[in-house]
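Scroll down for the structure; my scribbles are underneath it.
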Amino acid sequence: MAIGGLISNRNFGCFIGSGNGFQNERGILYQRLGINGSELCNRKSNALCRNHQPRKILPLQATLQHELGHRRGFKCFLQPGMDSRIRFRNNIKDYGISKINRSRAYYKSEESDITEGVVDSLPSADGSAEAVLAQGNLPWWQQFPRRWVIVLLCFASFLLCNMDRVNMSIAILPMSQEYNWNSATVGLIQSSFFWGYLLTQILGGIWADKFGGKVVLGFGVVWWSIATIMTPIAARLGLPFLLVVRAFMGIGEGVAMPAMNNMLSKWIPVSERSRSLALVYSGMYLGSVTGLAFSPMLIHKFGWPSVFYSFGSLGSIWFLLWLKYAYSSPKDDPELSEEEKKVILGGSKPREPVTVIPWKLILSKPPVWALIISHFCHNWGTFILLTWMPTYYNQVLKFNLTESGLLCVLPWFTMAVFANIGGWIADTLVSRGLSITAVRKIMQSIGFLGPAFFLTQLSRVKTPAMAVLCMACSQGSDAFSQSGLYSNHQDIGPRYAGVLLGLSNTAGVLAGVFGTAATGYILQRGSWDDVFKVAVALYLIGTLVWNLFATGEKVLD
């Protein structure tokens, strides 16, 4: 019979033996492991375990596992935990009178990268188990944590989300020329997206908590991708058709954030929550950068319909990957290892999906209202900066439209970078023992007070370069909110994470709608300083409410 060899990622070689060569093969194995074969076969009851107390006689298989553990500094445990990099899966099969134990071992070699081997225990002449290593080297993509596959797929969906959203802001210019739309009509078309977007914030959360995030997010991406592709057709049919299609697109994108929040609440342990959410939300920022960068090139070369056809078709590729790799919760994934499941669940059993939403209980909790109010205050300033900055650059800083458009990309880049920095900082603080409540309050306070400070400096700077720097710093500090209020929904009510995000994001969208309109009203009667003063006041209110009533503890079970 063939006996596999020890294979490492650096391919140090293998040895294959059969028949009478078995004893030599076993000797080579023991020599490579640094184990004396005679010592293993003749352990005395008073034999000492290196660096430990006297131990009992162990079967050869257990002894080999034990020695492997010591070789890699795993102390005196025959079955290490997740951190040990040695995992054994035992399958016992009847073989006549005796039994054969097969164990699979994964470990990290001191000389090479991650190495996997399969330890097969075969019966020796005296009936004891003899261990040999068989080849079993999985490719890196099969060792990649399944929970982070979910995170990357959610990141990709948010990338597409904002690519499909911002393309209209570029395409509307040639469209308005072709169809003779005035500024009022352009404003109506731009706002029609929010009609549908508002409708499905809470509904998306309810559906995700009841039916699972996989179904709802998959539905959302397919829905808004079809609406994106249909946009040029609707424009040719007439303005009412275009308004309906844009509202339909808002319906699809409205379920994205609640569904994603539901997925990550089930898949991501609290120690990785901040950085996973930061990565997903940075997909939105990078989606805006990508859409703003590629839309002009596509329009120039192929015409404005090409933007909608090309961006919309990308959703089909994402959906195929989503169907193959995504599951609503860890218990639904048949390929998830037991070790990773333990990391995700942290020893607790997965909860069943909710059947009834306890609205009275949810709305009676002060931390829920802290989320809603803080989300409103946060989005007021964020939407104003991201919507009105081209006008500010043009009117106040005297940049031309081309320069204004290029500089509009800068805040999105800054937010993508600092969102991930903030996520790693938050998770590091949690891992070092700081309470989740303290971490959320620290990060969100930065997300409020940072933008407030830099907005107050705009009236004092003397050069356009310093003004742009203040804007970038404002948005960079704003991105720390991803590790504050945006992570808090899963802290206070993981089973209702979708509904909670739907509630708070509804307030956030309303802040964007009212804030954008109020800014125009203020500019007619005042100045940009007045616009910034209102945003700063709301940032301060949000800071106060958040630090008084927010918590990182679970308040909804």
Side-chain angles (χ1 to χ4, degrees), residues 158 161-162 165-166 169 190-191 193-202 204-205 250 253-258 260-261 277-278 280-285 287-288 368-389 408 411-412 414-416 418-419 422 440 443-452 454-455 471 474-489 500-522 531-546 550:
F158 275 46
C161 177
N162 266 31
R165 186 187 301 187
V166 303
S169 64
Q190 294 279 46
S191 65
F193 169 86
F194 290 99
W195 305 346
Y197 193 68
L198 274 171
L199 285 176
T200 51
Q201 290 295 318
I202 297 175
E253 294 203 1
V255 306
M257 289 178 66
M260 176 278 300
N261 215 39
L277 280 167
V280 171
Y281 281 115
S282 66
M284 297 183 69
Y285 310 143
S288 295
V368 174
W369 285 102
L371 272 175
I372 295 171
I373 295 171
S374 298
H375 209 145
F376 181 91
C377 296
H378 171 266
N379 275 29
W380 182 284
T382 301
F383 271 87
I384 287 175
L385 291 177
L386 297 179
T387 304
W388 284 93
M389 277 311 94
C408 283
W412 295 106
T414 308
M415 294 178 78
F418 278 89
R440 299 292 177 246
M443 303 307 285
Q444 189 55 46
S445 294
I446 297 173
F448 278 144
L449 297 179
F454 288 110
L455 288 182
M471 288 292 184
S474 174
Q475 292 308 98
S477 54
D478 176 278
F480 278 72
S481 299
Q482 310 303 334
S483 303
L485 74 89
Y486 282 94
S487 299
N488 194 234
H489 308 81
L500 291 173
L501 184 59
L503 280 170
S504 71
N505 203 40
T506 298
V509 174
L510 289 173
V513 174
F514 294 145
T516 303
T519 299
Y521 180 82
I522 293 171
V531 172
F532 296 142
K533 286 177 182 177
V534 174
V536 168
L538 286 171
Y539 279 136
L540 295 177
I541 292 172
T543 305
L544 182 63
V545 171
W546 183 258

Please tell me whether Q475 and Y285 have a donor and an acceptor in their side chains that are separated by less than 3.5 angstrom.
no
Using 0.5 Å steps for rounding, measure from the [atom1] atom of [X] to the [atom2] atom of [Y].
| X | Y | atom1 | atom2 | answer |
| --- | --- | --- | --- | --- |
| L198 | T506 | CG | OG1 | 6.5 Å |
| T414 | M471 | OG1 | CE | 12.0 Å |
| H489 | H375 | NE2 | NE2 | 6.5 Å |
| L449 | L540 | CG | CG | 6.5 Å |
| S504 | I373 | OG | CD1 | 11.5 Å |
| M415 | M284 | CE | CE | 9.0 Å |

If I compare all heavy atoms of [X] with all of [Y], which pair ends up nearest, and what's the gap?
| X | Y | value |
| --- | --- | --- |
| F480 | G422 | CE2-CA, 3.8 Å |
| F376 | L510 | CE1-C, 4.4 Å |
| G250 | T200 | O-OG1, 3.9 Å |
| A419 | A479 | N-CB, 3.6 Å |
| G204 | V255 | CA-CG1, 3.9 Å |
| A370 | A550 | CB-N, 4.0 Å |

Can you find a pair of side-chain heavy atoms, one from [X] and one from [Y], that are under 4.5 Å apart?
| X | Y | answer |
| --- | --- | --- |
| V534 | I522 | yes |
| N488 | L500 | no |
| Y197 | N505 | yes |
| F194 | V509 | yes |
| V513 | F383 | no |
| C377 | Y539 | no |

Partners of F158 by ring pair (Phe, Tyr, Trp, His ring centres under 6.0 Å), sequence neighbours excluded?
Y281
Under 3.5 Å: donor-acceptor pair, side chain of W546, backbone of R440:
yes
So, S374 side chain and T543 main chain: donor-acceptor pair closer than 3.5 Å or not?
no
Under 6.0 Å from the CZ atom of F418, do we count more than 12 heavy atoms belonging to anything else shown?
no
Please report the C-alpha distance between L501 and Q201 in whole Å, then the side-chain angles of each, then the deciding distance to 0.1 Å, and finally whether the side-chain contact (heavy atoms from CB on, under 4.5 Å) criterion is met.
CA-CA 8 Å; L501 184 59; Q201 290 295 318; 5.9 Å; no
Go through the steps to decide whether Q444 and L485 satisfy the test side-chain contact (heavy atoms from CB on, under 4.5 Å), and finish with yes or no.
CA-CA 6 Å; Q444 189 55 46; L485 74 89; 3.5 Å; yes
Quick check, are the ring centers of Y486 and H378 under 6.0 angstrom apart?
yes
